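Since the structure is predicted, the reported quantities are computational estimates derived from the model, not experimental observations. Chain letters run A, B, ... following the sequence lines, proteins first, then strands; residues in each count from 1.
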Amino acid sequence: MKRVMGTSVSRKDGFAKVTGQATYTAEHPLPGLVHGYLVTSAIAKGRIKSISTQKAEQAPGVLAVVTHKNRPKVFTPANDFRNSKLNEARLPLSDDQIHYGGQIVAFVVAHTLEQARDAAHLITVEYDIQTPLLEAQQAIYEALPDVKFNKGNGATGTTEAAITVEATYTTAKELHAAMEPHAIIAHWQADSLTIYEGSQWVMLHQRTYAELFGIPSEKVRLVTPYIGGAFGSKCFPWSYSILCAAVAREIKRPLKLSVTRRQLTTNTGHRAATEQTLRLAAMQDGKLIAISHAVKTYTSPADRFIVDCTATTPVMYAAPNIRLQQKLGVLNVATPTYMRAPSENPGMWALESAMDELAWKLNIDPIDLRLDNETRAHQRSGLPFSAKHFAECLRVGAEKFGWRDRPKQPRSLIHNGQLLGWGMAAATFPAMRGNTTVKVRLLPDGTVHVLTAGNDMGTGAYTMVAITAAEALGVPVEKVKVELGDSLFPDGGLAGGSQMTASLAPAVLKACEEVLQKANCTTANDACAALKQSGRAAFEAIATSAPGEDAQKWAFQSWGAHFCEVAVDEAIGRIRVTRWVSVMDIGRVMNAKAAASQVRGSVIMGIGEALMEECQLDPNSGYPVVYDLATYHYPTHADTPRIDVTFVGQPDLTFNPLGVRGVGEVGITGVAAAVANAIYHATGKRFRNLPITPDKLMA
Amino acid sequence: MKNFAYVRATSAEDAVRKLQTNANSQFIAGGTNLVDRLKVFLNTPVQLIDVSRLDLKFIESMPDWGVRIGALATNTAVADHPQIRQDYPLLSRAILSGASQQIRNVATIGGNLLQRTRCPYYYDTAFACNKRQPGSGCPAIQGINRMHAIFGASDRCIAVHPSDMCVALAALDAIVEVESSRGKRQIPFDDFHRLPENTPDRDTTLQAGELITAVILPPVSFAKTGVYLKLRDRTSYAFALVSVAAALEVRANRIHDVRLALGGVAHKPWRSAQAEAFLKGKLANPEIFQQAAEIALQGAKPLTHNGFKVEMAKRSIQRALTISAQGGGVA
């Protein structure tokens, strides 16, 4: 049998996407569709004294103007991740209070988008303004006991240490900035609701709408065949989604809302800024004695979102004494949410920067320092790792990059008048999997039809599912027809936490095996022949995959290493990342092309975090001063070097029957630190506050 | 966006005539900036007069008198034009450092002159803005002003002009040709854009009813040494933190003539006349360039978040002059 898994397969949805045939949320054509537009707050804290909607109501084409005074009724969902989940616990327009700049204060519906937008601009709001809390330093922090962790004698076990490094590292408020803006179409037919909306978790999304409207979940259909990027921002309904669905019911028409690029900055989540103090203490030979990691992050008054930056600290490096602390403040800032490796990425920025500082201080190669302190088990749970090829990532990466030959001293590599610097950092991300169900049908002509509600947010899930079925049944990938992203299909779990492939592929495999069992054949060819002979239309199987007891015995984790070169024109503060090597251990690689692409995307996103991404807020109104993709800077092609990606390791068969761990997020962890570490090697300057913009580089 | 009437002009005369039929009319050509502004209610014209079909796409060489560029020549056409690339590489590079290829393919030269600031406070009607609504205030002064002006700002407006091309045109002493019902006139480039003073709503000295028809590039014998250095937060598709257009004519290691203009620092392209005067007749060496940079930044008034621009501009000037003295090239 020809192997498909692990080869490079071009994405099945590629042609549809580049020819415009892939239908994204805002593109679903519905007869009688009307349009909504949001009005958002221009202050960050206070209350609405008066809101004048008369002009808007009388404007041409307007069908509805909704404010807190006439908000549509919805039920309060359980919001517990099981029955339902909202991104903001505070329901939209629930009162006259303003908690952050850009909060929704009104919603206008009209026959056309232009009419709705025009009417929205006719609404005037008078506020009782209060002084907002916008600066992290001003927030009142509460300690989070769940995140606290002590091992040994915590931070006090440092007296015997020869060398310590202690520093504070910060990350900026970042936006997901997905190419596809958030949008929703809500269509009520009698008491049934169809929602077209990008969703990383189709069935939970469906159940949440059902709870919001007090109807059984069978009455809600969620359709999300294509998503143009989500990165964590499209997991649950946002406030705009709830409003759109609720108002659609009242006006009895299909209603579309496309959130503007400007309004995305405050109504669809962001990566919260963090402040992390790391203290590492080591013996002169490099053995860590103590790790202390203290974190401050914030949430909005409308929800409680925690960026658990210490999550990976007890995973990465072994030390007899560990102390982890996390504090949460409340600011008048829009609600943060998950963003690609939400906890692990900022956490690894601080940890991998501190490890580099320690390596310099000890005069030890940073690779050796990492190897000398490698973990065999998760120090929080005590569970051993099911598989770990971290050392191989470091070895292969170092070889490919030529790491060991580097001139050791900072400022010692000069090329064309620019300072070159080499940096490295480790990567890690937990492997997770959830319950999924898949239906597979084998047709007499050899077509394999796979259906599941799990979705493809641009990552390559269509292709991954097809590869799994093709391998299991011995048919060409082209013969596999995959349908995703519809709640009419069996529950496909969550496309988040890098777990879609690990969750879905085993279910696809099992369903395919059951199809062959039902056919009583060993190959799809024979099964097709049997269908033709018997006149039966199809062999069909529905199979479920779920994590087993193994999670109680093992810690599952992906690993990696990044190596990069930067060129710094110090006088004028100009920097380019000129070379990149990433080596990842992700268990089995399902699709070499898609997996490498995921790592490349992660590295690009991490370079953005390191050098340019920041959503600044106006200090008075709390409203972002970035408003589009020209003012929110993320890397362009010109900022992106060639990114060499290699995979090492073995299928992690303890984790799931295919040994696949997922690859969406591990690639971004450590990237920002690798860049900053390279800048240190280039310039001798240590940067601890992201992003490292030209003004900081030049200073 | 408010509804507006859309009409097409058949000639320059027709365009200016149509402009007079309604006080709230605007010309549209490439529309790459205007349409964005319409969508977010920064401009609410009653009538748009499409001038894009007028016969103003030419780029013509004028014997002994430089090059005349029609107002509707696209940014791409100018940047890629062999004579511009050869004789005015500074202009070509400045254009190519702005926007994206897609935008440059559509955006016109006349439109580039008239693009408006990207100050985030101007760009959102949720904020007050004296440029958008005279007298309403300037929240940028107490707000985030990292991108804002260090020269020529007023207590009404601290915005900067966003164009790269215009910085090169300022250095090249370009001339703007305009036409109205009152006839034609020529505006020296330095007089075309204005400082905000008490009327930041006005970016230029264009008078009511005037249409830009062409930009003239006078011959500059040493323009081939021209350098455009742009510093920004990412390598492409970002507005300048600071940019420098510089060209030197060096004879026997002595500076015979010089052009120096800065972008990203003022409400208009900022020509450094004093630094130019200082440089003339001096030796072309790092000490002189450093002194010129100090002179060029005299009088700079940084705000809360843009103090770095002063040093960044000084170093950029030195770098640009150094490269120009070596004969020019990519900076």
For the candidates A:Ala699, A:Pro619, A:Ala42, which exhibits the highest count of non-hydrogen atom pairs separated by less than 4.5 Å from chain B? A:Pro619
I'd like to know which of A:Gln616, A:Met612, A:His637, A:Arg576 tops the heavy-atom pair count under 4.5 Å against chain B. A:Arg576
Residue [X] versus chain A: region with a heavy atom under 4.5 Å:
X        : answer
B:Arg319 : side chain
B:Thr125 : side chain
B:Ala331 : backbone
B:Arg232 : backbone

Step through the shown structure and confirm whether more than 12 heavy atoms of other residues, nucleotides or ligands are within 6.0 Å of [atom1] on [X].
X        : atom1 : result
B:Asn3   : CG    : no
B:Lys301 : NZ    : no
B:Gln133 : CD    : no

Do B:Thr235 and A:Asp639 have side-chain atoms, one donor and one acceptor, less than 3.5 Å apart?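 There is such a pair (donor and acceptor under 3.5 Å, judged by atom type) between the side chains of B:Thr235 and A:Asp639.
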Pairing donors with acceptors under 3.5 angstrom, does anything connect the side chains of B:Tyr123 and A:Asp628?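 No, A:Asp628 and B:Tyr123 have no side-chain donor paired with an acceptor closer than 3.5 Å.
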How many angstroms lie between [atom1] in [X] and [atom2] in [Y], if you round to the nearest 0.5 Å?
X        : Y        : atom1 : atom2 : answer
B:Asp233 : A:Thr631 : CG    : OG1   : 11.0 Å
B:Arg234 : A:Thr693 : CZ    : OG1   : 14.0 Å
A:Tyr627 : B:Asp36  : OH    : CG    : 8.5 Å
B:Ser236 : A:His633 : OG    : NE2   : 10.5 Å
A:Arg574 : B:Leu229 : CZ    : CG    : 5.5 Å
B:Glu311 : A:Ile572 : CD    : CD1   : 12.5 Å

Part of [X] within contact of chain B (heavy atom distance under 4.5 Å):
X        : result
A:Leu617 : backbone
A:Arg117 : both
A:Glu570 : backbone

Which atom pair, heavy atoms only, marks the closest approach of A:Ala571 to B:Arg315?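 Between these two residues, the closest heavy atoms are O-CD, 2.7 Å.
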Mind listing the closest non-hydrogen atom pair of A:Pro694 and B:Leu241 along with its distance?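 For A:Pro694 versus B:Leu241, the nearest heavy atoms are CG-CD1, 3.9 Å.
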Where along residues 118-127 of chain A does a heavy atom come under 4.5 Å of chain B, listed by residue number?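 Near chain B, by residue number: A:Asp118, A:His121, A:Leu122.
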Any salt bridge between B:Lys309 and A:Asp695, counting N to O under 4.0 Å? no
Mind checking whether B:Gln142 and A:Asp618 have side chains closer than 4.5 Å, heavy atoms only? no
Would you check, one step at a time, whether the test side-chain contact (heavy atoms from CB on, under 4.5 Å) holds for B:Lys39 with A:Thr260? CA-CA 11 Å; B:Lys39 284 184 189 168; A:Thr260 67; over 6 Å; no
Max heavy-atom pair count under 4.5 Å with chain A, selected residue of B:Phe308, B:Phe41, B:Tyr237: B:Phe41
